[in-house]
Amino acid sequence: MQFAHNVTTALRMAESLLLGSGQQTARRNAWDAVCENRRHAQDRQETERVLLRAVR
């Protein structure tokens with residue numbers, strides 16, 4: 001876990017040097033949206049599995 005934290009910290013530092021604050025915010029917002037879409041997709045798949053089992 002410490003390794004992942006160190007990598008995240010290094011990436012954030014590189015990002016702050018290479019991108020302006022507006023670009024950083026836009027990238028983070030885009031990534032948050034991707035993660036949220038993945039969570040919704042997983043929820044839909046699980047709901048579908050539960051409903052299919054209930055019908056059988």
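Please read all numbers here as calculations on a predicted model, not as lab measurements.
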So, taking the atom named [atom1] in [X] and the one named [atom2] in [Y], what distance separates them when rounded to the nearest 0.5 Å?
{"X": "Arg44", "Y": "Thr47", "atom1": "CZ", "atom2": "OG1", "result": "9.5 Å"}
{"X": "Leu18", "Y": "Gln24", "atom1": "CG", "atom2": "CD", "result": "9.5 Å"}
{"X": "Arg12", "Y": "Leu17", "atom1": "CZ", "atom2": "CG", "result": "14.0 Å"}
{"X": "Asn6", "Y": "Gln2", "atom1": "CG", "atom2": "CD", "result": "4.5 Å"}

(request) Start with the C-alpha gap between Val34 and Arg38, add the side-chain angles, then the distance that decides, and say whether side chain to side chain contact (heavy atoms under 4.5 Å, CB included) holds. (result) CA-CA 6 Å; Val34 167; Arg38 288 178 180 172; 3.7 Å; yes

(message) I'd like to check Met13 versus Thr9 (side-chain heavy atoms, cut-off strictly below 4.5 Å). Are they in contact?
(response) yes

